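Written out below as structure tokens is the structure these notes cover.
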Amino acid sequence: MNIIGLVDCNNFYASCERVFRPDWESWPVAVLSNNDGCVIARSNEAKELVEMGAPTFKIPPAARRELILVSSNYALYGDMSRRVTTTLREFTPDVEIYSIDESFLGFDGFPLDQLEDHCQRLRYVVRRNTGIPVSVGLSTSRTLAKVANKLAKKIAAYEGVCLLQPDSEITRQILEDLPVTDLWGVSGRLGQRLSQMGIVTAWQLREADPKRIRARFSVVQERLVYELRGIDCIDTDDLAEPKKNIMTSRSFGRLTSDPHEVRAAIRAHAARGAEKLRKQGSVARAIQVHLKTNKHREDLAQYHPALVVQLPHPSNDTRVIVGAAQAALQCLWRDGYRYMKAGVMMLDLVDRETLQHDIFDSPESDAERERSAKASAVMDELNRKMGRGTVRLGGTKGKADWKLKAELLTKRYTTRWDELPIVSLK
DNA sequence: TGGGAGTTT
DNA sequence: AAACTCC
């Protein structure tokens with residue numbers, strides 16, 4: 001029987017922040033989203049004071065006084081994530097990174113009776129190497145490993161490691177007590193449709209007829225039934241596949257009606273999108289540009305336009321992408337609205353190498369295409385070495401004031417020499 | 001009152 | 001294009 005482990009970092013962003021501020025240990029720490037907009041991570045202590053997703057400006061003063069609030073520090077979290085993953089590879093070669101704070105581990109052929117001890121050791125070593133606390137869920141499918149992971153976090157007796165045997169009586173009881181909406185991939189609307197069929201608990205879904213589920217829903221939900229029975233049927237290759245679309249979007253941090261400001265933002269997002277394309281080795285056949293007003297401001301006129309532009313030839317050239325994005329914006333732009341957010345998506349991506357060039361109708365010569373690829377490569381390399389935005393196309397800078405709001409930023413302790421933590425010994 | 005990616009309707 | 005799902 002092949003066991004899959006899910007390692008999930010506890011309160012990841014809040015835990016990262018605490019590693020370098022030991023004086024915050026056992027204090028309520030909450031991390032804010034981009035733009036300091038809402039709460040996206042909480043230490044256990046903070047969970048009693050503030051809801052997940054709570055808008056920052058709605059946090060009651062009493063809670064605010066107790067909370068340690070910080071802006072998101074992705075340079076720190078990304079580096080800490082890498083450290084955790086590196087340590088996980090000491091415990092199995094089969095590590096599948098699922099998100100910044102979660103990895104699936106394959107333990108094929110590992111003796112079952114030693115697995116829990118092995119994972120206890122894993123928790124200890126990750127904590128020692130990185131300062132990050134993790135929980136481990138173990139079972140024979142990813143879905144059950146997720147369930148096991150939740151139990152490992154919730155029930156102290158497991159001490160952070162929970163193994164669920166798919167056919168045990170304990171698993172049956174757990175699934176009978178588990179609302180179907182607590183499962184991975186089942187949320188509000190799907191949950192409602194399931195409850196109309198009389199399926200309210202995870203156990204009821206496990207016992208449902210897969211064919212019937214497939215007919216009413218889709219193959220994804222059918223797989224979920226098998227996953228609950230402990231049969232691993234989530235295609236892991238999906239996780240490694242190149243992205244099919246790439247989005248870059250951001251709030252302005254405040255409302256704006258200035259066309260120059262919006263144009264600069266769109267150009268910057270388009271340039272960033274082109275960079276992401278090149279990093280993945282893809283070209284886009286189309287791009288989409290969208291604008292949004294603030295939908296929470298019911299007193300203001302609303303306008304949420306989006307436009308897809310087919311590119312004449314698939315491209316990842318910054319100039320081509322930026323040009324197309326600007327043309328799209330031209331069509332979308334309406335004076336008089338107060339815009340909150342703008343974004344650019346790279347669509348219909350294909351691998352650059354496997355792309356069949358349209359030999360009959362190419363306005364660009366091969367030499368020209370090669371020149372542009374070289375210029376882009378140099379630009380990417382400089383930006384990688386010297387920091388994002390070192391080299392860019394004219395006009396993508398914009399006015400400095402649409403930058404992200406991050407007033408409570410902690411230091412990039414692990415990725416910047418000038419922000420290293422300093423320890424004094426007396 | 002987040003951003004990024006994906007799927008479904 | 002919008003709605004929904006995940007993290």
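Below, chains carry the letters A, B, ... as their sequence lines are ordered, and counting in each starts from 1. Quantities reported herein were computed from a predicted structural model and do not represent experimental measurements.
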Task: Ion pair check, A:Asp317 and A:Arg319, cut-off under 4.0 Å - done: yes
- [ ] For the pair A:Gln221 (side chain) and A:Phe217 (backbone), establish whether a donor and an acceptor sit closer than 3.5 Å, ignoring hydrogens and angles.
- [x] no
Open item on the list: Between A:Arg206 and A:Asp167, does any NZ, NE, NH1 or NH2 come within less than 4.0 Å of an OD or OE carboxylate oxygen?
Closed with: yes
Task: Between C:dC6 (C1') and A:Asn245 (CG): distance, integer Å - done: 15 Å
- [ ] Specify the residue among A:Gln221 and A:Lys276 whose closest nucleotide of DNA chain B lies further upstream toward the 5′ end.
- [x] A:Lys276
TODO: Pick base, sugar-phosphate or nothing for A:Asp101, based on heavy-atom distances below 4.0 Å to the nucleic acid.
DONE: sugar-phosphate
Task: Interatomic distance, A:Met345 CE vs C:dA1 P [rounded to whole Å] - done: 11 Å
Open item on the list: Rounded to whole Å, how long is the line connecting atom CD1 of A:Ile40 with atom C1' of C:dC7?
Closed with: 10 Å
Open item on the list: Check A:Lys211 with A:Glu222, please: is the shortest side-chain N to carboxylate O separation under 4.0 Å?
Closed with: yes
Open item on the list: Just N and O in the side chain of A:Lys244: are any of them under 4.0 Å from OP1 or OP2 of B:dG6?
Closed with: no
Open item on the list: Please tell me if A:Thr248 has a side-chain N or O lying less than 4.0 Å from either OP1 or OP2 of B:dG4.
Closed with: no
- [ ] May I have the distance from A:Leu224 (atom CG) to B:dT7 (atom P), rounded to whole angstrom?
- [x] 17 Å
Task: Rounded distance (Å) that lies between atom P of B:dG2 and atom CZ of A:Phe57 - done: 10 Å
- [ ] Could you tell me whether A:Lys295 contacts a base, only the sugar-phosphate backbone, or nothing, with contacts defined as non-hydrogen atoms closer than 4.0 Å?
- [x] nothing
Open item on the list: Looking at A:Ser249, I'd like to know whether one of its side-chain N or O atoms comes within less than 4.0 Å of OP1 or OP2 on B:dG4.
Closed with: yes
- [ ] Pick base, sugar-phosphate or nothing for A:Arg297, based on heavy-atom distances below 4.0 Å to the nucleic acid.
- [x] nothing
Open item on the list: Just the rounded figure in Å: distance from C1' of B:dG2 to OH of A:Tyr77.
Closed with: 13 Å
- [ ] Scan A:Thr56 against the nucleic acid and name what it touches under 4.0 Å (heavy atoms): base, sugar-phosphate only, or nothing.
- [x] nothing
Task: Of A:Val220 and A:His296, the one whose closest DNA chain B nucleotide lies more 5' - done: A:His296
Open item on the list: For a quick check of understanding: with a heavy-atom distance under 4.0 Å over all strands, which category does A:Ile246 fall into, base, sugar-phosphate or nothing?
Closed with: sugar-phosphate
Task: A:Asp299 CG to B:dT1 P, straight-line distance once rounded to whole Å - done: 13 Å
TODO: Look only at the side chain of A:Glu116 and the backbone of A:Cys162, and say whether a donor-acceptor pair between them is shorter than 3.5 Å.
DONE: no
Task: Interatomic distance, A:Leu349 CG vs B:dG6 P [rounded to whole Å] - done: 8 Å
Task: A:Arg272 side-chain N/O to B:dG3 phosphate OP1/OP2 under 4.0 Å - done: no
Open item on the list: Between A:Lys341 and B:dT1, is there a contact of a side-chain N or O with OP1 or OP2 at under 4.0 Å?
Closed with: no
